[in-house]
Structure formats: structure tokens, C-alpha cells
Colleague: 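Below is a structure I'd like to ask you about.
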Amino acid sequence: MTAHPHDAPGPDSLDDLFGDAPAPRPSFAGSGRGEAQNGLLKGLNPEQLAAVTLGQEPALILAGAGSGKTRVLTTRIAWLLNQGLATPGGIMAVTFTNKASKEMLTRLSAMLPYNVRGMWIGTFHGLCNRFLRAHWKLAGLPQGFQILDASDTVSAVKRVIKAMNLDEERFVPKQVSWFIAGAKEDGLRPKDIDLRDEQTRKLADIYQAYEDQCKREGVVDFAELMLRAYELLRDNAALREHYQHRFQYLLVDEFQDTNKLQYAWLKMFAPPGRGQGVFAVGDDDQSIYAFRGARVGNMSDFEREYRVHRVVKLEQNYRSYGHILDAANELISRNSHRLGKNLRTDMGPGEPVRVNEAASDFNEAQWLLEEAQALHRQGLARSEIAILYRSNAQSRVIESALFNAGIPYRVYGGLRFFERAEVKHALAYLRLIENANDDTSFLRVVNFPARGIGARTLELLQDAARQSGRSLYQSVAAVPGKGGSNLAAFVNLVESMRNLTQGLTLREIIEQMLATSGLADFYRTDKDGAERLENLDELVNAAEAFVTQEGFGKDAVALPVDELGAAGGFTPGQIAAGDPPAIAAVTLTPDAETGEIVSPLAAFLTHASLEAGDNQAQAGQDAIQLMTVHSAKGLEFDAVFITGLEEGLFPHENSLSDGDGLEEERRLMYVAITRARQRLYLSFSQTRMLHGQTRYNVKSRFLDELPEASLKWLTPRNQGFGSGFAREYQQAWERGSGLKSMVGAGRVERQAPAWQQEREGKDAPSFGGAPVPKTMKQAAAAKVGDEHGGLRVGKPVFHNKFGEGVLLTLEGSGPDARAQVNFGRHGTKWLALAVAKLTPID
DNA sequence: TTCGTGGGTATTTTT
DNA sequence: TACCCACGAA
């Protein structure tokens with residue numbers, strides 16, 4: 001595949017790269033510059049070219065889905081270097097995900113003839129980490145600070161709440177940690193919190209206590225990485241000046257996803273008016289993370305504050321056919337406050353967007369899999385087929401359908417590698433080797449495997465630690481009796497682990513730890529520990545890969561000298577004015593005073609926190625891709641199914657209450673649609689099992705917001721809403737028998753009904769949703785619920801004010817007769833039949 | 001200390 | 001429905 005950065009051709013030594021001279025090196029391309037230039041810019045469309053070759057000015061790039069955004073970003077970096085406008089040390093490029101930054105590095109190393117590792121390209125958090133490792137002393141952090149991931153943070157907060165003797169009902173650890181992260185992302189420290197009520201006052205107290213605890217334990221959470229870096233730059237003029245001088249060009253990916261703090265952080269590196277080339281790339285229509293603090297408004301703020309002269313719009317789409325883009329454009333045009341953008345394609349209209357209505361969620365799943373199989377038979381790789389849904393709970397039916405049919409599939413989301421319990425246990429031991437005062441890690445493994453250290457003992461220990469203000473590890477001696485001696489034994493274990501691992505390679509350290517801690521033995525004897533053992537083996541492999549990649553040992557990673565000089569304390573005078581600075585070959589950041597190099601173990605632990613790794617699904621196998629719409633962002637597939645297009649689900653009911661909620665849902669739908677290259681399927685179901693209850697749903701309003709001309713209904717429109725068959729089918733499904741029993745009983749034939757064959761042509765894939773013999777359908781319909789003046793439970797009705805709905809319940813008789821109707825976007829309502837005009841729809 | 005049970009609760013999530 | 005968590009019993 002793509003060359004690894006280390007394999008990239010070109011200069012090996014750092015001197016070759018930057019030389020000793022303070023002046024910027026001339027272009028590496030030498031005499032061949034013209035040719036290289038042509039190659040670089042070849043094939044860019046005019047807008048892309050304009051974006052890539054912008055000068056040193058603030059720029060806002062509105063990059064539509066599939067418009068070649070990553071290419072523009074990487075080409076611009078290469079172009080800047082190639083032109084001699086910037087040096088590798090003078091460029092910073094920020095992304096949100098590790099995946100995106102890796103992609104950028106990979107592409108760059110293919111475009112550039114040298115090692116791009118020393119460049120400041122990474123995620124917001126990754127770069128903050130790098131920055132704080134270099135300036136740990138100025139930032140007031142211990143040199144080997146560790147990073148808490150989301151679940152570590154919650155358990156740390158939980159400990160604080162317990163220690164403060166607060167009611168966990170009132171202060172739910174998860175919510176409190178969310179509050180703290182939210183505050184940090186708004187740049188607020190405990191003292192800055194607006195104490196508007198008692199609850200908030202308490203929350204601020206918890207926040208303070210949590211901060212103290214983190215400090216004591218030498219750990220930082222994700223939000224802290226950002227905030228600490230921001231504050232350090234804000235409060236240290238010399239340092240700020242240095243970095244502003246150093247980074248002449250900044251590039252930010254997915255700018256619409258930045259939160260308040262990230263934007264403020266960026267402004268520290270490149271404030272408006274400082275003249276740096278800030279290149280912000282984003283798409284307001286793809287902003288789907290407002291719920292976790294992203295501010296689309298940062299885009300227009302940026303445009304205003306930086307006085308952006310020209311907004312470059314990348315509207316040429318290279319991904320999808322016309323009908324798909326028409327659907328996307330039409331849908332998103334319903335949103336207000338857009339920056340304005342319309343995707344276009346040269347690829348022709350392609351196939352229409354297919355819409356399917358299913359009787360039940362089970363039916364929908366069955367249809368999905370048969371349609372997907374048909375696509376596969378037509379030659380489409382399974383990995384090119386994605387099934388998207390709004391919420392994770394929806395995957396279950398689909399999974400079981402695929403599983404029963406023996407079709408390989410891969411579900412995104414769920415536990416990732418470094419989040420698995422056994423891996424976290426192993427990491428906790430490793431962290432204790434590095435820093436025994438890490439109470440989170442201590443508590444995680446002090447009694448795992450079991451060592452007779454129970455809740456009571458730990459309570460005593462925590463009391464002692466709290467009183468002396470020391471870590472649990474340091475307080476062990478204060479616990480008397482048997483518990484105390486067991487604790488002492490644990491401390492001895494950790495000590496011996498530390499001694500035994502002195503001077504070993506990372507791989508050996510981990511192997512030693514697995515043996516000494518008893519983890520390996522524990523899982524070996526555990527009856528279902530086999531898979532966990534495998535994961536621990538995998539951890540060893542991951543460490544090995546990390547060592548190779550990061551270039552510990554012979555292959556030193558280069559860091560500019562300012563990061564060296566700055567380590568442990570920043571002296572402005574130390575740094576030459578010229579950029580790039582001289583380079584020293586080191587691994588990570590050594591301490592300026594002692595020259596000690598951060599251990600591979602410490603680096604690996606940081607890596608483990610910052611990058612949770614892949615989730616379980618085995619790569620390699622050709623499998624259908626299942627994921628939420630959120631996790632599909634940034635991906636593309638030949639065929640995409642968007643499922644569960646029902647009011648209440650998509651748009652989700654919880655989103656409708658807050659102001660911008662519906663628009664964000666619509667953007668989500670927009671993201672979903674624009675994932676598809678060739679074929680797009682939309683589906684919804686009349687009934688769905690949710691939280692143990694059958695829900696009768698109305699189709700999503702988003703279906704009505706798509707252009708008729710681009711749609712092709714696979715099922716008759718609006719037919720059979722809550723049809724009798726759906727109910728009977730649902731009952732069979734509830735009995736746990738489902739399709740099989742109905743087929744077995746000879747009641748369902750597995751073939752496409754006549755109307756289906758007519759619409760799709762005889763070569764069309766067979767209809768998956770358990771086609772119904774006519775007699776069966778009639779029989780089922782006859783059985784359905786109560787009847788009242790032509791109204792039937794489970795049938796669609798029309799109301800003058802609320803429009804179309806599904807009749808859920810009929811109660812009472814005569815003047816008391818009441819009906820419960822689900823009107824979708826208008827909610828579920830009780831109506832007095834004597835008053836309300838309800839007409840059955842057929 | 002472990003196991004069983006009952007209650008509460010159910011978008012979306014990277015780092 | 002299904003999972004997680006807290007709590008109580010053995």
C-alpha cells in the first residue's frame with residue numbers, strides 16, 4: 001500500500017532535511033521543481049486549485065461532501081513546501097480523529113520525498129499532548145503525566161463524589177464528568193463557574209475536588225489537555241510569541257466541529273491580524289456534533305474575525321451520482337442559516353434513490369439482507385455496502401437477520417481495543433510501574449486478580465490517603481491488620497514488577513508484567529478467558545508495532561530543537577529566530593536538565609490513551625458494514641442503506657425539543673445520503689420493537705423532503721400502514737418464531753409479490769420482507785383489533801389538523817369513544833371521537 | 001467475595 | 001427487550 005513514512009525515499013538524516021543553516025532551505029525539488037509542480041496540481045478543478053494556492057492569508061474553505069477536501073489539504077501543504085513558502089517546521093495541521101491525521105500523513109509522505117514525522121500534524125488532543133510534553137514544567141504538570149480516557153474520567157469523578165459523601169443519585173458520575181468536560185471546553189475553571197443555584201455550586205465543588213485529585217495523581221483528562229495548552233499560551237507571552245512566529249501556516253480540518261476552546265486555542269497560535277496563513281476547512285451542512293459542544297458558529301466567527309476576503313467553495317462532488325446529490329441538496333435546502341453551498345456532479349443522474357416500506361423492523365432487516373445479497377451477487381464487494389441507522393439499538397434486528405443468514409458483517413462502534421477490560425487492566429499495571437500514585441489504576445487492579453483486598457480495606461485506605469493528602473499507594477502502611485498486609489503485598493508486587501522490568505524492551509516489560517501480575521494466569525484458568533488472553537497477546541503486538549512505528553532505538557524520531565530547549569522550562573533567548581530550528585535526533589522529548597529520554601513505556605501509555613484503537617470486528621474479511629450515521633461521517637460506499645426512517649427515530653424524538661435539533665437531524669440525514677456513490681436505499685417500517693414495546697411509526701418527514709423525481713418507491717406509497725399482516729407478523733416475531741415458523745407452517749412464501757416484480761423487473765432482487773399470500777393478508781387484516789366507524793387499530797387515519805397518523809388504541813363506546821393516534825411529528829394524541837374528525841385512509 | 005435479583009433506563013461520540 | 005448498577009444473601 002502506501003509507503004510508511006520511514007520508507008519514504010529521500011534524505012535519511014535530519015541534517016539533510018533542514019541543514020544547519022538558520023535560513024529556510026530552498027525547495028527540495030531542486031531543478032525538477034516545475035515538473036513536480038505540474039504533477040502536484042494536476043487534475044485539480046479551479047476551486048481546488050484556488051484553495052491550494054492561496055497565499056499567506058486567512059482562508060475559509062467550504063468543502064462539500066466528496067469534494068476532495070483531504071486532497072486539497074495535503075496538496076496545499078505539499079505546495080507550500082514545494083514553493084519554499086513554508087518549511088516543515090512552520091506548518092501545523094490539525095484534525096479531529098487519529099484516522100484523519102494518519103490519512104494526511106500517509107498521503108503527504110507519498111507526495112513528499114522526506115520524512116514527515118517531525119511535522120506538527122495531528123489531532124487537537126495529540127498536538128496538545130505534544131505541546132504539554134515539551135512544556136510540562138511551565139504547564140505545571142509532572143513530567144510523566146498520564147492521560148485519562150473517558151471511562152477513567154468517569155471513575156475518577158465517581159471517586160470524588162464518594163469521597164465528598166454526596167448522593168450519587170443527585171450527582172450522577174457520568175453527568176458530572178460531562179459537566180466538568182463542558183466547563184473546560186468553555187474555558188472555565190471551578191472558580192469561573194456561575195454559581196446560579198445550589199446544584200451548580202456543588203458541581204463546582206466537585207469540579208474543584210476533581211482537579212485537586214488529578215493533580216495529586218499526576219493525570220489529565222482529554223479536556224484538560226486542550227485547556228492546559230490554551231492557558232499556557234494565553235498566560236505566557238514569550239511562549240506564545242515563539243509559536244506564533246514559528247507557525248506561518250495553520251490548517252484545520254472539519255472546522256465545523258470545533259468547540260469554543262479549540263477555536264480559542266487556535267487563536268493563541270494564530271490570532272486574527274497576525275498575518276499567518278490560517279486555512280480553515282469545513283462544511284456547515286455536515287455539522288452533527290453540536291450535542292457535544294461543537295459550534296458551527298465558529299465558521300462564521302472565523303470569517304468575520306479574520307476578515308476572510310474570499311470564501312472558497314468546493315462544490316464539485318466526485319463521489320455520488322446525480323439523483324443522490326439532488327436528494328441531498330433538496331433536503332439540506334430546508335435548513336436555515338446555512339453558509340450556502342450546492343453540490344454538483346459530472347457523473348450523470350445514475351440510479352434513482354430506492355425507497356422501501358416494511359411491515360416490521362424484522363421485515364426491514366430481511367429486506368435489507370436480501371437486497372444486499374443481490375448487490376453482492378451483482379459483483380459488489382460486501383465492504384462496499386453500508387447499512388446505516390440513527391441509533392445503535394437498531395442494529396440488533398439487522399445483525400440477527402444477517403447472522404442467521406450467515407452473511408459476514410461488521411459493526412462499527414462498541415468497545416475498542418484499548419477499552420477492553422483485560423487490556424485496561426494490563427495498562428493499569430503498566431501505569432503503576434510508571435507512576436504508582438495513579439489512584440485510578442491502583443484501584444482498578446489492586447484486587448484483580450483477587451488478592452483478598454475487599455471494600456472495607458479499600459475504604460480504610462482511602463480514608464488514610466485523604467487525611468494525609470497522599471496517594472493510595474503511599475498510604476498503604478496506614479491500614480492495619482490483614483487487609484494492610486495484603487495491601488503491603490500488592491505494593492511489593494508493583495515494586496518487584498518495576499525492578500524486574502528495568503532496562504527491558506517494551507515487549508519484555510509487558511510480558512513480564514503479564515506474568516508477575518497474575519493476569520496471564522488468571523485468564524489462562526478462567527473458563528472463558530481465551531479471547532481475553534488473545535487480546536493480551538495483541539497488546540504485546542500493538543506495543544511492538546508502536547515501537548517500530550515511533551522509531552524507538554536506532555530509528556530516531558526528529559524533533560525541532562525548540563521542543564528540546566523548551567522542555568522543562570522555556571528560555572526565549574535559546575531559540576534562534578530563524579525557522580526551522582536545528583534538529584536533534586532524539587526519541588520523544590528528553591528532559592532538558594537531565595537529558596533523560598521519556599521511556600517507550602510512557603510513550604506507549606500515552607498512545608493507548610490518545611488512540612483507543614479499532615473496534616473488535618475483524619478487518620480483512622469482506623463484510624457488510626453496519627454503523628450509526630454519525631460514525632459513517634467521512635466514509636463512502638458504493639451502496640448505502642439508510643434504515644429506520646421514521647418519525648421519532650430519525651429525526652429522533654429527543655432532538656425535537658431543542659431549538660436547532662431538527663436542523664441537526666437534517667444535517668445528519670444529509671451526511672447519510674452523501675455517503676453513497678452509486679446506490680442509495682431508504683427504508684422505514686410500520687412497526688418497530690423498541691424498549692420492549694412495539695411502536696407504530698409514521699414515516700420520517702425527511703422522506704417528504706426529497707425530490708419526487710429522484711425517488712423510486714419499491715413498495716406502493718403509503719400502503720398498508722400498520723397492516724394486519726404487520727401485526728400478526730409482529731406477534732409471531734414476539735413469540736420468538738418469526739419468519740421461520742411462518743414459512744415452516746406454509747403460511748409465507750419466500751418470493752417477491754407480483755407488484756414487486758413488476759416494479760423492479762424480473763431480474764430484480766427478490767423482495768426480502770416475507771411476502772404475503774393474498775389470502776393470508778386478508779385473513780390477518782380481518783383479525784385486527786377493534787373497529788369503530790371504519791377506524792381500525794393499526795390503520796392509518798387522517799385528521800384535519802394533525803394530518804396523517806396511525807391509530808394505536810380504541811376505547812369506550814358511544815359519546816365516550818376515544819382514540820389514541822400517533823401523528824408522528826405532532827406526537828401521540830388522545831382524541832374524543834365524538835368531537836374529532838378522524839377518517840380512515842386506505 | 002461472589003452471585004443473584006430487582007429497579008431504572010434506554011440518541012448520536014472523538015479524544 | 002436488554003443492559004447496567006446497586007444491593008442483599010450465602
Side-chain angles (χ1 to χ4, degrees), chain A residues 94-101 122-129 147-155 158 162 168-169 172-174 178 181 184-185 220-227 229 253-254 257-259 261-262 287-294 361 388-397 400 412-414 416 418-419 447-458 483 486 606-613 615 627-634 644 648-658 661 664-665 667-669 671-672 688-695 733-734 736:
Chain A
V94 205
T95 65
F96 267 86
T97 63
N98 291 304
K99 203 174 157 200
S101 76
T123 63
F124 278 100
H125 297 269
L127 294 182
C128 284
N129 174 58
I147 300 165
L148 302 181
D149 70 14
S151 66
D152 294 336
T153 305
V154 173
S155 57
K158 198 169 179 175
K162 277 220 170 94
E168 279 193 48
E169 306 264 290
V172 186
K174 211 183 204 161
W178 188 76
K184 289 185 179 180
E185 279 160 13
V220 298
D221 60 34
F222 286 138
E224 188 70 26
L225 282 174
M226 286 294 317
L227 183 53
D253 192 15
E254 307 275 20
D257 286 341
T258 52
N259 62 33
L261 178 57
Q262 283 157 340
S287 159
I288 56 173
Y289 285 111
F291 73 92
R292 63 167 203 226
D361 51 350
L388 310 185
Y389 34 82
R390 171 69 239 266
S391 63
N392 287 303
Q394 290 166 248
S395 75
R396 180 165 278 112
V397 216
S400 71
Y412 280 69
R416 320 237 301 272
F418 286 115
E419 293 167 350
N447 198 36
F448 192 93
R451 315 191 160 83
I453 299 171
R456 183 72 199 126
T457 304
L458 288 178
N486 286 342
T606 298
H607 167 79
S609 315
L610 245 31
E611 195 170 341
N615 49 27
M627 66 194 84
T628 63
V629 180
H630 279 92
S631 37
K633 190 176 162 212
L649 249 193
F650 199 0
H652 197 280
E653 51 205 355
N654 294 1
S655 70
L656 300 177
S657 46
D658 58 275
E664 178 143 322
E665 294 288 307
R667 292 192 290 268
L668 201 49
M669 180 69 184
V671 168
R688 184 175 297 276
M689 198 61 154
L690 202 67
H691 309 327
Q693 277 190 317
T694 305
R695 291 171 42 138
W733 178 230
E734 279 163 18

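By convention in this document, chain letters (A, B, ...) are assigned in the order of the sequence lines, proteins followed by strands, and residues within each chain are numbered from 1.
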Colleague: Applying a 4.0 Å non-hydrogen cut-off, can you work out what A:K174 is touching in the nucleic acid: base, sugar-phosphate, or nothing?
Modeller: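 No contact at all - A:K174 keeps every heavy atom at 4.0 Å or more from the nucleic acid.
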Colleague: When you get a sec, tell me which of B:dT12, C:dA6, B:dT15 is the closest nucleotide to the side chain of A:R390?
Modeller: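 Given the options B:dT12, C:dA6, B:dT15, the side chain of A:R390 is closest to B:dT12.
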Colleague: Please report the distance, rounded to the nearest Å, between NE2 in A:H691 and C1' in B:dA10.
Modeller: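 Checked: the NE2 to C1' distance equals 5 Å.
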Colleague: Roughly how far, to the nearest 0.5 Å, is CZ of A:F96 from OG1 of A:T123?
Modeller: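 Here the rounded value is 9.5 Å.
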Colleague: Contact between A:L227 and A:L261 at the side-chain level, heavy atoms closer than 4.5 Å - yes or no?
Modeller: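 Touching, per the 4.5 Å side-chain cut-off.
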Colleague: Ring centres within less than 5.5 Å and planes less than 30° apart: is that true of A:H652 and B:dT11 in this structure?
Modeller: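 It does: the ring sits over the base of B:dT11.
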Colleague: Identify which nucleotide among B:dT2, B:dT14, C:dA2 has an atom closest to any side-chain atom of A:A450, counting heavy atoms from C-beta outward.
Modeller: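 The listed nucleotide nearest to A:A450's side chain is B:dT2.
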Colleague: DNA chain B: A:A393 or A:I453, which has the more 5' nearest nucleotide?
Modeller: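 Checking each residue's closest nucleotide, the 5'-ward one belongs to A:I453.
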Colleague: Between atom CH2 in A:W178 and atom P in B:dT12, what is the gap in whole Å?
Modeller: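 Checked: the CH2 to P distance equals 15 Å.
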Colleague: Picking from B:dT14, B:dT11, C:dA2, which would you name as closest to the side chain of A:T97?
Modeller: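 The listed nucleotide nearest to A:T97's side chain is B:dT14.
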Colleague: Can you tell me if A:N654 touches the phosphate of B:dA10, counting only side-chain N or O atoms and a distance under 4.0 Å to OP1 or OP2?
Modeller: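 For B:dA10, OP1/OP2 do not have a side-chain N/O of A:N654 under 4.0 Å.
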Colleague: Heavy atoms only, 4.0 Å cut-off, all strands: where does A:D257 land among base, sugar-phosphate and nothing?
Modeller: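 Counting heavy atoms under 4.0 Å across all strands, no contact is made by A:D257.
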Colleague: Between A:T628 and B:dT13, is there a contact of a side-chain N or O with OP1 or OP2 at under 4.0 Å?
Modeller: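 Checking A:T628 against B:dT13: at least one side-chain N or O falls below 4.0 Å of OP1 or OP2.
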Colleague: Using a 90° cut-off around 0 for syn, call B:dT11 syn or anti.
Modeller: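 Here B:dT11 takes the syn form, which means its glycosidic angle is within 90° of 0.
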Colleague: In whole Å, I'd like the distance from the CZ atom of A:F96 to the P atom of B:dT12.
Modeller: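 In whole Å, B:dT12 P lies 20 Å from A:F96 CZ.
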Colleague: Measure the distance from CG on A:L388 to C1' on B:dT12 and round it to the nearest whole Å.
Modeller: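 Spelled out: CG on A:L388 to C1' on B:dT12 is 13 Å.
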Colleague: Compare side-chain N and O positions of A:N98 against OP1 and OP2 of B:dT14 and report whether any pair is under 4.0 Å apart.
Modeller: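 For B:dT14, OP1/OP2 do not have a side-chain N/O of A:N98 under 4.0 Å.
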Colleague: Over how many whole Å does the gap from A:M226 atom CE to B:dT14 atom C1' extend?
Modeller: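 The distance from CE of A:M226 to C1' of B:dT14 comes to 13 Å, rounded to the nearest Å.
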Colleague: Give, for atom CD of A:E665 and atom CG of A:N654, the distance between the pair rounded to the nearest 0.5 Å.
Modeller: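 So the CD of A:E665 and the CG of A:N654 are separated by 9.0 Å.
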Colleague: What is the distance, rounded to the nearest whole Å, between atom NZ of A:K162 and atom P of C:dC5?
Modeller: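 After rounding, the reported distance stands at 11 Å.
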Colleague: Using salt bridge (charged side-chain N to carboxylate O under 4.0 Å, His left out) as the criterion, point out the one residue from A:K633, A:R667, A:R292 that pairs with A:D257.
Modeller: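 Of the listed options, the one satisfying the test is A:K633.
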Colleague: Using a 4.0 Å heavy-atom cut-off, does A:S655 contact any base of the nucleic acid, only the sugar-phosphate backbone, or nothing at all?
Modeller: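 Result for A:S655 = base.
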Colleague: Can you see if the side chain of A:N392 gets near the phosphate of B:dT11 - specifically, an N or O under 4.0 Å from OP1 or OP2?
Modeller: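 Answer no for this pair, as no side-chain N or O of A:N392 is under 4.0 Å from OP1 or OP2.
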Colleague: Whole angstroms only, please: what is the CD-P distance between A:E168 and C:dC7?
Modeller: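 It works out to 8 Å between those atoms.
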Colleague: Could you check A:H630 against A:R451 and say which one's nearest nucleotide on DNA chain B is further toward the 5' end?
Modeller: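 Whichever sits nearer the 5' end wins; that is A:R451.
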Colleague: Report which part of the nucleic acid A:Y289 touches: base, sugar-phosphate, or nothing (heavy-atom distance under 4.0 Å, all strands).
Modeller: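 It contacts sugar-phosphate atoms only.
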Colleague: Roughly how many Å is it from CD in A:E664 to P in B:dT11, rounded to a whole number?
Modeller: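 Rounded to the whole Å, the gap is 16 Å.
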Colleague: Between B:dT12, C:dT1, B:dT13, spot the one nearest the side chain of A:M689, thanks.
Modeller: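 From the listed options, C:dT1 comes nearest.
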Colleague: Check whether any side-chain N or O of A:R292 sits under 4.0 Å from OP1 or OP2 of B:dT15, and answer yes or no.
Modeller: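 No, because none of the side-chain N or O atoms of A:R292 sits under 4.0 Å from OP1 or OP2 of B:dT15.
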Colleague: Check the angle between the aromatic planes of A:H630 and A:Y289 and answer parallel, tilted or perpendicular using the 30° and 60° thresholds.
Modeller: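 Answer is tilted, since the angle falls between 30° and 60°.
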Colleague: So, do A:F291 and B:dT12 meet the stacking rule of ring centres under 5.5 Å and planes under 30°?
Modeller: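 Yes, the aromatic ring of A:F291 stacks with the base.
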Colleague: Does some side-chain heavy atom of A:L225 sit less than 4.5 Å from a side-chain heavy atom of A:H125?
Modeller: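 Side-chain contact under 4.5 Å: yes.
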